Amino acid sequence: MGYDISTGAAYAVLYTVLSLFTVLAILSAGYCGKGTMLKKLGCILLPKAAVDEDGEEVATDTADFFLAARNSANAKTIALSFFASSMGAWVVYAPTELGANPELSWIAVIGYAVASASPAVLVFFIGPPLRKITGEKAFSTTDFGLVRYGRLIQFCIAVMSVFYMFIYMVAELTAISNIFGLVCNVNTFDTTTINYTTSIAVSVAVFTWFYTSIAGLPGSLVTDKFQAWLMFILIFILLLVACTNPANQLTKEEFAVASNWTGDGAMAAVTLSIAVLCAEMFNQATWQRVWAAKDVPAMRKGFAWGSFSVFLLMMFFGIMGMIAFALDPENYLIYNKFYYLAFFDLLAPLSQFWHIVVLIVCTALAASTVDSVQTAIASCVSSDFIRYGIPDKWATFITRVLLIVINVPAVIMSSKRFDVLGLFLVADLVCATAVLPVFLGLITKDIGAIPAPTELGAFLGIWSGIVAVLVNGKVLGFNEAVNPITGEVIATGPWSYFWLTNSTQCALCGSTTMVTFIVTPLVAGFFTLFFSKIDIRLRGERARKPIFLMAQPEEEAKNYNLVAKDEQEEDGDIAMEETNKSRDEVA
């Protein structure tokens, strides 16, 4: 490849971009004032009700605003933030790998684009009812678990969410480290280069930790906006430059070699659609924006536009992979070139200036994802501190310490250079075991023979999903996970099936992996309803209450009790009807 940027120049790009985002976060935290100009530039976020009933400005220096940015983001902010936080540095690998593989091609690329955009579409529909059930003081779906079920399911959601987001962070740090190694012509397969790639991961982790510790979620939202616009502009320029370069010109016949519609691609698309949707339902970086939005219309518009933007970017990288393969199919087929590096093959003929632009884009992609995941993890584990009356300064301090605890193992794991797509699939399958048990909780009243899930039913449903995965592995005679490229044994025993190393073609290819992703959530969902029905028969109305009744703060018992909330709303509706009737009689 024609990449020869010096490591010094790469470090300069990295620290310049990260320093810029740090400055933006500091501005968003109000350390340089909250002047009109900063507000017009979008550097300052304010709650929808900027002043209270007495005309005083609503405080934005509280732990609640630090963790939730409550009611402060308009539709454009939500759209740009969802786009930036969803599209990490991994996008230069994963969709291009599918596009460059002629056995997957169009259907897999479209499937991945739809899969990546679908979480925002689902939040568009279920976000408002979930926000209504949980209340306006929530932080994430861990609070939905507390309100709808109880402490046990809240804990399960927190564990699933932190696990998925931790894997997401590891994958992101791994991806950006490998990208810098590639562009600087550093062999990332050589163990002697680990110090260099680890230094990249450490830099991204430290900078993002620093500015999210200063500014919290508001800082992440502000930096996301600028990161998104930067990505839009630079990717558009790269598109023009790469496609107008004489070395990348194609005929219709040459492109036809890469342009295929295959059964393998269809299976990969189905797998991706289920896997990504299951996992993203536990990405609290997405759910935080439900409560950060000024109101429901802003939230819905933001997620709609964000979803569309994600779809376009995924299609862009997928098609770039197809073009790269069509330019040199022979070398890809004999593995002189690798599918997952197709995007970089396409940009290799460009000048060094454009290679630096690639580093800028990838750094922005990585930073936007890592900072969002950090604030989301902090919100999962810190929101209860606020409910129990821990002072704001201690709540934010504990949050910062927890982020350090999370970042250290993430950097260490990224140095192991795991396959990025493989890491995601592990997390996706774990989340598939819990997605229906958790979100069937949106059913709050029995529908005929279908019961509103109970906490015990949902908990046993999650374990049913886990058992379904283990049984699937047992039926297939699966007892060890082996990297299909290196031959390295990743894990052994029944739990090794979670690595899904079923295909030598790609991590998500083949009917076996597809069937696993279809069966697992369906089994978990079925047994959630089944065990809930039995639970209600055996325990009566007690089954509909939290298992651990004393686990909730006494002062907020009504706010975190669904039955009480429903009764309160019904009483409010009756009172409103009586008031309207009285007015009509007077009239």
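These figures come from a predicted structure and were not determined experimentally.
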Review point. Would the number of heavy atoms belonging to other residues, nucleotides or ligands and lying under 6.0 Å from CZ of Phe308 be above 12?
Key: no
Exercise for review: Would you please test Phe303 and Thr286 for side chain to side chain contact (heavy atoms under 4.5 Å, CB included) and show each step?
Suggested key: CA-CA 9 Å; Phe303 278 111; Thr286 299; 3.7 Å; yes
Review point. Side chains of Thr141 and Gln284: donor-acceptor distance under 3.5 Å anywhere?
Key: yes
Study note, to complete from the structure: Sorted by chain and residue number, the side chain to side chain donor-acceptor pair (under 3.5 Å) partners of Trp305 (sequence neighbours excluded) come out as none
**Study point:** Cation over ring face, Arg400 and Phe210, 6.0 Å, 45°
**Key:** no
Review point. Can you name the side chain to side chain donor-acceptor pair (under 3.5 Å) partners of Ser86, sequence neighbours left out?
Key: none
Review point. With Tyr196, which residues qualify under side chain to side chain donor-acceptor pair (under 3.5 Å), at least two apart?
Key: none
Exercise for review: For residues 274-290, pull every pair meeting salt bridge (Lys or Arg N to Asp or Glu O under 4.0 Å), keeping only residues two or more places apart or in separate chains.
Suggested key: Asp224-Arg289
Exercise for review: Please answer whether the main-chain N or O of Gln288 pairs with a side-chain N or O of Ser140 as donor and acceptor at a distance below 3.5 Å.
Suggested key: no
Check your understanding: What pairs with Arg131 under salt bridge (Lys or Arg N to Asp or Glu O under 4.0 Å), at least two apart in sequence or on another chain?
Key -> Glu136
Practice item. Examine distances only and state if a side-chain atom of Ser414 and a backbone atom of Thr174 form a donor-acceptor pair shorter than 3.5 Å. Key: no
Review point. Per the side-chain hydrogen bond (donor to acceptor under 3.5 Å, both in side chains) rule, which among Asp345, Asn331, Asp328 passes with Lys337?
Key: Asp328
**Study point:** Those residues that, when tested against Lys301, pass salt bridge (Lys or Arg N to Asp or Glu O under 4.0 Å) (two or more places apart)
**Key:** none
Practice item. Run the numbers on Tyr164 and Phe282 for ring-ring contact (aromatic ring centres under 6.0 Å, His included), then give the verdict. Key: CA-CA 7 Å; Tyr164 171 63; Phe282 291 93; 8.2 Å; no
Check your understanding: Yes or no on ring-ring contact (aromatic ring centres under 6.0 Å, His included) for Phe424 and Tyr168, after CA distance, side-chain angles and deciding distance?
Key -> CA-CA 7 Å; Phe424 274 126; Tyr168 203 145; 5.2 Å; yes
Review point. Can you say whether the rings of Trp106 and Trp261 are parallel (under 30°), tilted (30 to 60°) or perpendicular (over 60°)?
Key: parallel
Check your understanding: Between the side chains of Gln374 and Asn407, is a donor N or O closer than 3.5 angstrom to an acceptor N or O?
Key -> yes
